[in-house]
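Structure first, then comments.
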Protein chains: 2
Amino acid sequence: MPARDPAETDAVLLANTAFYDAFSAADFEKMSELWARESTVSCLHPGMPALHGRPDVLESWRRILAGGPGSIRGHEPKVSLFGTSALVTCYESSDAQPAHLAATNVFVLEDGRWRMVHHQAGPLARAMPITKRSDMN
Amino acid sequence: MPARDPAETDAVLLANTAFYDAFSAADFEKMSELWARESTVSCLHPGMPALHGRPDVLESWRRILAGGPGSIRGHEPKVSLFGTSALVTCYESSDAQPAHLAATNVFVLEDGRWRMVHHQAGPLARAMPITKRSDMN
């Protein structure tokens, strides 16, 4: 069924925002917290081979976040709900530059919380101007 | 819960293979058939802005497949099951060249069939040699 649940959609958007907040703040504890514990996780960083499993995925984030904070935002997030799973597409910008990556973020409900199970980001051929209005997170 | 259901995993792998078979054969009918009807669908083609909804996603495939058949394979597929949703990561090669894209394919169970709801492919910084063994589909 096409899921149209505004409250769940908002909850998924909040989870998506929490991801970019942790990324921006280079806050490894928060990043670790928001990835799923029980479901299988995976990650496709731009250009890189796939990572599977919490240890490898979180180790990759530890290394990325060691680079320090910056402003990473997810613009124009669009949520698809599939029961206890959800998918968000958005465009990623850093430091208020035009968005240069397109991303897929996948979440599952674990103990009533939307936790991340997958992230892929890949380059846009043409960077996208960002506007206040498009910055929904 | 970590889902370890070999039969469902195989069914998802078959759905993933069907996607690359339709892509390779430039078979629009089969491509249309394997995308979800009831759930929201989306697609992030390499470098391109996000597409949402069956009409836009399928129109993009119609245009891509108009280019004619070729050998597109998904290598080293790895399945994560989340109840009635599933996610596959794999590497895409065309015409037996080293794999040059990493992909996320998301499926949901609709009427007992795993149907695609999302596809993202993005370039690998370093192309991956492909072997017969890695070609699981």
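Residue numbers begin at 1 in each chain, while the letters A, B, ... track the order of the sequences. Every value quoted in this text rests on a predicted model; they were computed, and no experiment measured them. We use all heavy atoms of the structure for the numbers below, so side chains are in, but hydrogens, waters and symmetry mates are not.
Criterion: ILVMFWY side-chain heavy atoms under 4.5 Å apart, direct or through other members. Under it, Ile64(B) and Val57(B) are part of a common hydrophobic cluster. Cluster annotation: Phe23(B) is connected to Leu13(B) through the hydrophobic network of ILVMFWY side chains, with a link wherever side-chain heavy atoms come within less than 4.5 Å. A continuous path of ILVMFWY side-chain contacts below 4.5 Å connects Ile72(B) to Met116(B), so both sit in one hydrophobic cluster. Placement of Leu124(B) and Val88(B) in two distinct hydrophobic clusters is found when ILVMFWY residues are connected by side-chain heavy-atom separations under 4.5 Å, directly or transitively.
Comparing Ala125(B), Ala103(B), Cys90(B), Gly47(B) by heavy-atom pairs within less than 4.5 Å of chain A, the highest count is held by Gly47(B). The candidate from Pro123(A), Ala121(A), Gly122(A) with the greatest count of non-hydrogen atom pairs under 4.5 Å with chain B is Pro123(A). Ranked by heavy-atom pairs under 4.5 Å with chain B, the first of His52(A), Arg37(A), Met48(A) is His52(A). Ranked by heavy-atom pairs shorter than 4.5 Å toward chain B, the options Val106(A), Val108(A), Leu87(A), Thr84(A) are led by Leu87(A).
Contact annotation for Ala99(A): neither backbone nor side-chain heavy atoms come within less than 4.5 Å of a heavy atom of chain B. There is no contact between Ala36(A) and chain B, counting heavy-atom distances below 4.5 Å. Within the 4.5 angstrom heavy-atom criterion, no atom of Val41(A) approaches chain B. Both the backbone and the side chain of Thr104(B) come within contact range of chain A, judged by heavy atoms closer than 4.5 Å.
Of the N and O atoms on the side chains of Ser80(A) and His118(B), not one donor lies less than 3.5 Å from an acceptor on the other residue.
Nearest heavy-atom pair, Tyr91(B) versus Ala50(A), reported as atom, atom and distance to 0.1 Å: OH-N, 2.8 Å.
Paired with Pro49(A) under the rule side chain to side chain contact (heavy atoms under 4.5 Å, CB included), one option of Arg126(B), Glu76(B), Met128(B) passes, and it is Met128(B).
Going from atom CG of Leu81(B) over to atom OG1 of Thr40(A) covers 8.0 Å, rounded to the nearest 0.5 Å. Taking CG from Leu44(A) and CG from Leu101(B), the interatomic distance works out to 11.0 Å, rounded to the nearest 0.5 Å.
Between the side chain of Gln120(B) and the backbone N or O of Ala102(A), at least one donor-acceptor pair lies under 3.5 Å.
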